[in-house]
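Have a look at the structure below before the remarks.
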Number of protein chains: 2
Amino acid sequence: MQETKALRGTSLEADAEHILRAITPTLDLNKHKGQAGKIAVIGGCREYTGAPYFAAISALKIGADLSHVFCTKDAAPVIKSYSPELIVHPVLEESYSVRDEDKLSISGKILAEVDKWMERFDCLVVGPGLGRDPFLLDCVSKILKHARQSNVPIVIDGDGLFLVTNSLDLVSGYPLAVLTPNVNEYKRLIQKVLNCEVNEQDAHEQLLALAKGVGGVTILQKGKSDLISDGETVKSVSIYGSPRRCGGQGDILSGSVAVFLSWARQHLSAAEGDTSISKINPTILGCIAGSALMRKAASLAFQNKKRSTLTSDIIEFLGTSLEDICPAC
Amino acid sequence: MQETKALRGTSLEADAEHILRAITPTLDLNKHKGQAGKIAVIGGCREYTGAPYFAAISALKIGADLSHVFCTKDAAPVIKSYSPELIVHPVLEESYSVRDEDKLSISGKILAEVDKWMERFDCLVVGPGLGRDPFLLDCVSKILKHARQSNVPIVIDGDGLFLVTNSLDLVSGYPLAVLTPNVNEYKRLIQKVLNCEVNEQDAHEQLLALAKGVGGVTILQKGKSDLISDGETVKSVSIYGSPRRCGGQGDILSGSVAVFLSWARQHLSAAEGDTSISKINPTILGCIAGSALMRKAASLAFQNKKRSTLTSDIIEFLGTSLEDICPAC
C-alpha cells in the first residue's frame with residue numbers, strides 16, 4: 001500500500017534547514033528587480049485588512065522583490081497606509097456595492113484588471129482577509145481558474161479555503177496548488193473530501209489520503225508539528241515554534257510559503273540545482289521552508305516578547321531567522 | 001569623433017565623494033526655510049502611493065527643507081498618512097472621476113493649481129506612482145511644459161518615462177531634464193530614439209548617442225554601475241551598492257537626484273564655487289551625487305538587514321551616508 005510505503009521511509013521530519021539553504025537564491029549585483037520573486041495576495045475586504053498585509057509584507061521581508069495586494073475598494077486605503085512598500089490594487093467588490101444587473105460586467109472588469117498582471121506573478125496567495133461575500137468569492141473563483149490556466153502557483157488560506165472546500169474542482173488535480181488549513185479548516189476538508197472525521201491516530205495516512213483525494217494538491221496541515229503532503233509523501237516540520245497563538249500567524253505562513261515555493265521552482269529549473277532535493281515536489285519544498293522559517297521567527301519573537309508577542313513582532317524576525325540559517329553573503 | 005573623445009578622457013568613474021562634498025551646502029544659522037531646497041513630486045494615483053512617498057521623504061532625509069507631492073484625490077490621504085512631514089496636494093484626477101465634457105475645465109484648474117507653486121520649486125520629480133491614465137498623463141504633459149517654461153529642473157522616472165518616451169518633444173532639448181531609466185525603460189528609450197536594440201558592448205557610446213538624440217537631456221541609466229550622460233560626456237558610479245532589488249529604490253534615487261541637482265545649481269551660481277567641478281553640467285553632478293548617496297545608503301541598509309532590506313530601511317540610512325562623506329559641521 002503506497003501510503004504505508006511513504007510513511008515507512010526515512011524520517012518524516014524534513015531537513016528544513018538544508019532545504020532552506022538549497023532553495024534560497026544567492027544575491028547577485030547583476031540581477032534586476034523582480035528576479036527574487038513577485039508575489040500577489042488576493043484578499044482584504046471591508047471587514048479584514050490586517051491579514052493580506054501580513055501575508056504581503058512577509059513575502060518582502062523574506063526577500064521577494066515585489067509584493068502586490070488585490071483587495072476591495074474599502075480595504076485598499078487602509079492596507080496602503082500600513083506600508084508604502086506594497087502595491088495595493090483596489091479592484092475587488094462586495095455585493096453591497098454592486099447592483100444585480102451590473103454583476104456580470106463588474107465581474108468581467110475585475111477579472112480583466114487582475115489578468116493584466118497575472119503572468120508576471122511567481123505565486124498567488126488567495127484568501128487572507130478575503131471574507132465570504134458571495135459576489136466577491138465568485139470573482140475569486142474566476143481568478144483561480146485564470147491563475148491555473150496560466151500555470152501560476154497558488155497558496156490558499158483562510159476564506160480561500162472556505163471557497164475551495166465548497167468547490168473542490170477549483171484546485172483538484174492542480175499540482176501547483178497549496179492548501180494551508182488550520183485545525184478547523186482541516187476538519188472541514190476531511191469531512192468534505194474523505195467523508196469522515198479527523199483521526200489523530202492515523203494523522204499521516206489521513207493527510208496523505210486527503211492530498212490524494214484532491215488530486216495531488218499539496219496540503220500543509222498547521223499544528224504543533226506542521227504536516228505536509230502531496231498525496232505521494234508526507235513530511236513534518238517540528239523544529240522551533242512558539243506557544244503564542246495570536247491571530248495572523250497563518251498569514252505570515254502563507255506569504256512565506258509563496259516565496260519559498262517560487263524559489264524552489266526557480267532552483268529546480270536551474271541546471272546546477274542541488275541534486276539532494278532535485279526530485280522533491282517544489283510545492284513540498286516551499287511548504288517545508290516556509291513552515292520552518294515561520295516557526296523560527298515565532299520562536300525568536302517569543303523569546304523577546306513572551307505573552308505580548310504579536311504577529312508584527314514575528315514578521316520583524318523573519319529576516320534574522322533566514323540570515324541565521326542561510327547568510328546572504 | 002566626439003563620442004570617442006569623451007570616452008578616451010580620464011577615468012569614467014566619477015569622484016562621487018568629492019562631488020558630494022563640493023555641492024552639499026554648508027548649514028548656517030542665518031539661513032531660512034527653503035534655502036536648502038524645495039522639491040515637488042508629481043505622482044501618486046489610486047493604484048500607487050508608496051513611490052511618491054519614497055521620493056518625497058528621501059528629499060527631506062537628505063536635507064531639503066520642503067517636500068511637496070501633487071497626486072490624485074484618492075492617493076492624497078494615504079500619502080499624508082505615511083508622514084506628516086510632506087505637503088500633499090490632492091489635485092490630480094484620473095479619467096474615471098471626470099466626465100468628458102468637464103475634461104478641459106478640470107485640466108485647466110489642475111494646471112492653475114500646480115502653477116501657483118511652480119516657481120517656488122528648485123526641482124520637480126515627475127513619475128513615481130503616476131500610473132498611466134490618459135487624462136492624468138495629459139495633465140502632466142502640460143505641467144511639464146509649464147515647468148520647462150519656468151526653467152524648473154525636472155527628474156523623470158517610472159510612468160513619467162512612459163509618458164516622455166511616447167512624447168519625446170516634452171523634454172527634447174531641455175538641458176534641465178534628467179531621465180532615470182531602469183533596464184526596461186532604457187530599452188524602450190533606445191528603441192524609440194535610436195531605433196535599435198540595446199548593445200551592451202558599446203554601452204557608453206550608445207548612452208552618449210541616446211542623450212545626444214534627446215537633445216542633451218541627461219540620462220542616468222540604472223544598473224550594476226550607474227551610467228550618466230548628457231550627450232557630451234559619460235560618467236559612471238560604481239561605488240557601494242547592494243544586491244537587494246526590492247521595488248522602490250528608484251524612487252529614492254529620483255528624490256535624491258532632485259536635491260543634489262538643486263544644490264549643484266546653487267553651488268555653481270555662487271561666486272566662490274569649487275573650481276574643480278565648476279565646468280561640469282549641474283545635472284550630471286546631481287546624478288553622480290544622487291546615485292552615490294543612494295548606493296551608499298543601500299549598502300549600509302543591506303549590511304544591517306540583508307535579504308530583509310526594504311526601501312524604507314534604505315531611506316533610514318540616507319542621513320548617516322551623507323554625514324559619513326560630508327559631515328554637517
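Note on naming: letters A, B, ... go to the chains in the order of the sequence lines (proteins, then strands), and numbering restarts at 1 for each one.
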Check: Is any side-chain heavy atom of A/Asp28 closer than 4.5 Å to a side-chain heavy atom of B/Lys224?
Finding: no

Notebook entry, point to check: Would B/Ser312 and A/Glu85 count as having a side-chain donor-acceptor pair, cut-off 3.5 Å?
Noted result: yes

Notebook entry, point to check: Going from CZ on B/Arg307 to OG1 on A/Thr26, what distance comes out if it is rounded to the nearest 0.5 angstrom?
Noted result: 8.0 Å

Margin query: I'd like to know whether NZ of B/Lys192 has more than 12 heavy-atom contacts from other residues, nucleotides or ligands below 6.0 angstrom.
Written below: yes

Item checked: From B/Arg245, B/Arg244, B/Gln249, residue fulfilling side-chain hydrogen bond (donor to acceptor under 3.5 Å, both in side chains) relative to A/Asp65 -> B/Arg244

Next item on the list: Select one option (side chain, backbone, both, neither) describing which atoms of A/Ile57 are under 4.5 Å from chain B's heavy atoms.
Entry: side chain

Check: Which region of A/Leu60, side chain (C-beta onward) or backbone (N, CA, C, O), has a non-hydrogen atom less than 4.5 Å from a non-hydrogen atom of chain B, or is it both or neither?
Finding: both

Next item on the list: State, with a plain yes or no, whether a side-chain heavy atom of A/Leu27 is found less than 4.5 Å away from one of B/Phe302.
Entry: yes

Note to self: For the backbone of A/His89 and the side chain of B/Arg46, can you confirm whether one donor and one acceptor N or O come within less than 3.5 Å of each other?
What the structure shows: no

Checklist line | Student check: side-chain heavy atoms of A/Lys33 and B/Val183 closer than 4.5 Å | finding: no

Next item on the list: Output the option from B/Leu310, B/Thr49, B/Thr311, B/Val78 having the highest count of non-hydrogen pairs under 4.5 Å with chain A.
Entry: B/Leu310

Margin query: Quick one, A/Lys80 and B/Ser81 - any side-chain contact, counting heavy atoms below 4.5 Å?
Written below: no

Next item on the list: For B/Glu200, look at atom CD and say whether over 12 heavy atoms of other residues, nucleotides or ligands are found less than 6.0 Å away.
Entry: no

Check: Any side-chain heavy-atom pair from B/Ser308 and A/Glu323 closer than 4.5 angstrom?
Finding: no

Check: Quick one: of A/Ala36, A/Ala328, A/Ala76, who has the most non-hydrogen atom pairs under 4.5 Å with chain B?
Finding: A/Ala328

Next item on the list: Tell me, out of B/Gly223, B/Gly50, B/Pro243, who's got the most heavy-atom pairs with chain A below 4.5 Å.
Entry: B/Pro243

Check: Checking B/Tyr48 against chain A: side chain, backbone, both or neither under 4.5 Å from a heavy atom?
Finding: both

